[in-house]
There are 2 protein chains.
Amino acid sequence: MELEKITSRDEAAYRRRYDDACGTAHGLELVGERWALLVIRELMLGPKRFNDLRSDLPGISANVLTQRLESLEAGGIVVKRRLPPPASVQVYELTEWGYQAEPIIQTLGRWATRSPGHDPNLPLSAVSLMLSFRTMFDAARGKGLKATVGFRLGAESYLVRIGDGELHAARGDADQADLTFTGAPPMVAAAVYGGVPLSALEADGALKIDGDRALAERFVTLFPLPPKTNAAAK
Amino acid sequence: MELEKITSRDEAAYRRRYDDACGTAHGLELVGERWALLVIRELMLGPKRFNDLRSDLPGISANVLTQRLESLEAGGIVVKRRLPPPASVQVYELTEWGYQAEPIIQTLGRWATRSPGHDPNLPLSAVSLMLSFRTMFDAARGKGLKATVGFRLGAESYLVRIGDGELHAARGDADQADLTFTGAPPMVAAAVYGGVPLSALEADGALKIDGDRALAERFVTLFPLPPKTNAAAK
DNA sequence: CGGCATCCGGGAAGATACTG
DNA sequence: CAGTATCTTCCCGGATGCCG
C-alpha cells in the first residue's frame, strides 16, 4: 500500500519530466517550477532566513516555499546552513553554481521589460532593485563616473559601487557612501525607472536623499529601459 | 452564473500572478508556465504547424499545447498565421520580440549543462541541436575556419555556416554544404557532446557523413561543454 | 488529419491553522 | 521563528470526440 503509493508518485514524477536532452529542458526541471527562480533571485545577494524569504516573496505560502527550498537543495543549487554562534540561526544560501544562475534572471528580466504588460508600479524587493541595477546599468552613461551609493531599504542596507565603467552591488554599510537613498524599494524604482523627479519623491517623504545631490540626479539616469515591443508586431 | 464563473476565473488568475515589479517575475508570467519556453524553442528556427510542434515536444498533450499557444499569442510572443496558397496551412510563428527570447533559452541551457543531473542520452529535437550549436560554439576553436555544414534530420534540413569566428544556423538545403550529416539528432549529439567517435556511429549506420571528412572531425570539437559543478559544493 | 472543446483523475498551488 | 497539517481550488496530462 505504502509501496504502491511511492511507485505511483515516482511514475508521476517521471511523467512530469520533459524527457529531453536539451540543456534548456533540464534547466526547466531544475528551476522551472513556480516560484523557484524568484527564490533564487532573493538569495542572489547573500543567504536569507526562511521567514525573510517569505516576506520578500509576496504571495508565496509556507509549504510551497518549503518544497522549493527542498528541491533546490536536492538539485545542488541551494544549501541549508546554520550560522555560527551567537547567531545560530538557520539560513539558505546559494551554492557557487547557484550564484551562476544570475545571468538567467538578468536575461529573462531584460527581455520581459519590453513587454507591454509589464507593470513597474508593483511591490519590489530590495534584492530585485539591486539586481536590476546590475542588469540595466549602461556603461556608456556611467563613463568616467566613480562613486559609491548607499541604500537603506527597511532593515537592509546595500552599497552600489560604480567605477571603470562597471557597477557592483552588494550588501554593505550605507554610511560609507557618497550618497544614500532611504526609503522603500518601489520609491527608488519610481525615480530610476518611472521618471519621477527626485524632488517630488522627497516632497511627500517617500524618499530621503543624503549626500551628493548632483550624483543622485545623475545616478537615476544610468539605467535606461529598452523600448517596448510593438503591440501590432509582425 | 456564467458571469460568476468568469469572475471567479479572473480572481484565480489574479491570485496566480506574482505581484512583483521585477522584470524577471513578469517574464515568468509570460513564459514561466510548463512547456512554454520549449514551445518557443521549437519555433526559434522558423514557424511550425500544430502537429509538428506536438511531435517535436515529446510528452506534451494537445490541450496543453493549445493553451500555451493561446497565452503566448496573448502575450505578443507568438502569432498564428496562415501560409499563402497553395500551402494554405496554419502555422505558429514567433514575433520579432519572441525571437529575442533566444538568449533566455541559451543562458538557461548553458547553465543547466553544468548540473550533475543532466542526461544527454535523451531524445533531442532538430531545433534543440541547432540551437545548442549556436549556444556552445567556441569562437577560439573555430578560428580561421570557413565552412558550411549541412544536416539532414528526418524531414528537416539545416545549414550551419561558420566563418569569421561566428556561427550561423538556419533551415536550409543541405546539398550546398561542404559536408553533410544524415541521421537522428541524438546521434549527432553523441558525436559532438558525447565524445563518441564518428567512425563508431557510421559503423552501425546511426550516422551518415558525406563530404569533407576532416572537416567533420574538426566540427565535433567546436562545442566544448562547461565543467560539471562539484556535487559537494560550498 | 489538423485544431480544438470537453470530461476525468491526480497532483501541485494557495490559504489557513497548528506545532516544536 | 521555522516550518507541518489539512483542506480547497486549480492546473496538468490523457482520452475521447467534434468539426472543417
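Numbered from 1 within each chain, the chains take letters A, B, ... in sequence-line order. Below, all heavy atoms of this structure are taken into account, side chains as well, without hydrogens, waters or symmetry copies. Remember, predicted model here, so these are calculated numbers, not experimental data.
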Can you tell which of [options] lies closest to the side chain of [X]?
{"X": "B:K80", "options": "C:dA13, C:dC4, D:dG3", "value": "C:dC4"}
{"X": "A:Y92", "options": "C:dA13, C:dC4, D:dG3", "value": "D:dG3"}
{"X": "B:Q90", "options": "C:dA13, D:dC12, C:dC4", "value": "C:dC4"}

So, does [X] get its side chain near the phosphate of [N], meaning an N or O under 4.0 Å from OP1 or OP2?
{"X": "B:R68", "N": "D:dC12", "answer": "yes"}
{"X": "A:R34", "N": "C:dG14", "answer": "yes"}
{"X": "A:K48", "N": "D:dA2", "answer": "no"}
{"X": "A:R49", "N": "D:dC1", "answer": "no"}

In whole angstrom, give the distance that lies between atom [atom1] of [X] and atom [atom2] of [N].
{"X": "A:E73", "N": "D:dA2", "atom1": "CD", "atom2": "P", "result": "15 Å"}
{"X": "B:I60", "N": "D:dG13", "atom1": "CD1", "atom2": "P", "result": "8 Å"}
{"X": "B:L53", "N": "C:dC1", "atom1": "CG", "atom2": "C1'", "result": "16 Å"}
{"X": "A:L69", "N": "D:dC1", "atom1": "CG", "atom2": "C1'", "result": "15 Å"}
{"X": "B:R82", "N": "D:dG20", "atom1": "CZ", "atom2": "P", "result": "14 Å"}
{"X": "B:Q67", "N": "C:dT6", "atom1": "CD", "atom2": "P", "result": "12 Å"}
{"X": "B:L65", "N": "C:dA5", "atom1": "CG", "atom2": "P", "result": "13 Å"}
{"X": "B:W35", "N": "C:dA12", "atom1": "CH2", "atom2": "C1'", "result": "17 Å"}

Is a salt bridge present between B:D20 and A:R41, judged by a nitrogen-to-oxygen distance below 4.0 Å? yes
So which pairs with a foot in residues 21-40 of chain B pass ring-ring contact (aromatic ring centres under 6.0 Å, His included), sequence neighbours left out? A:Y18-B:W35, A:H118-B:H26
Name all pairs fulfilling the ring-ring contact (aromatic ring centres under 6.0 Å, His included) condition that reach into residues 50-91 of chain A, sequence neighbours left out, sorted by first residue then second. none
Write down the protein N/O and nucleotide N/O pairs, taken from nucleotides 4-8 of chain D, whose separation is under 3.5 Å; answer none if there are no such pairs.
{"from": "D:dT6", "atom 1": "O4", "to": "A:N63", "atom 2": "ND2", "distance (Å)": "3.2"}

Going by the rule side-chain hydrogen bond (donor to acceptor under 3.5 Å, both in side chains), which residues pair with B:E70 if we only count those two or more places apart in sequence or in a different chain? none
Which residues pass the side-chain hydrogen bond (donor to acceptor under 3.5 Å, both in side chains) test with A:N51, not counting sequence neighbours? none
Residues in ring pair (Phe, Tyr, Trp, His ring centres under 6.0 Å) contact with B:F151, at least two apart in sequence or another chain: B:F133, B:F181, B:F219
To the nearest 0.5 Å, what is the distance between CD1 (B:I209) and CG (B:L201)? 7.5 Å
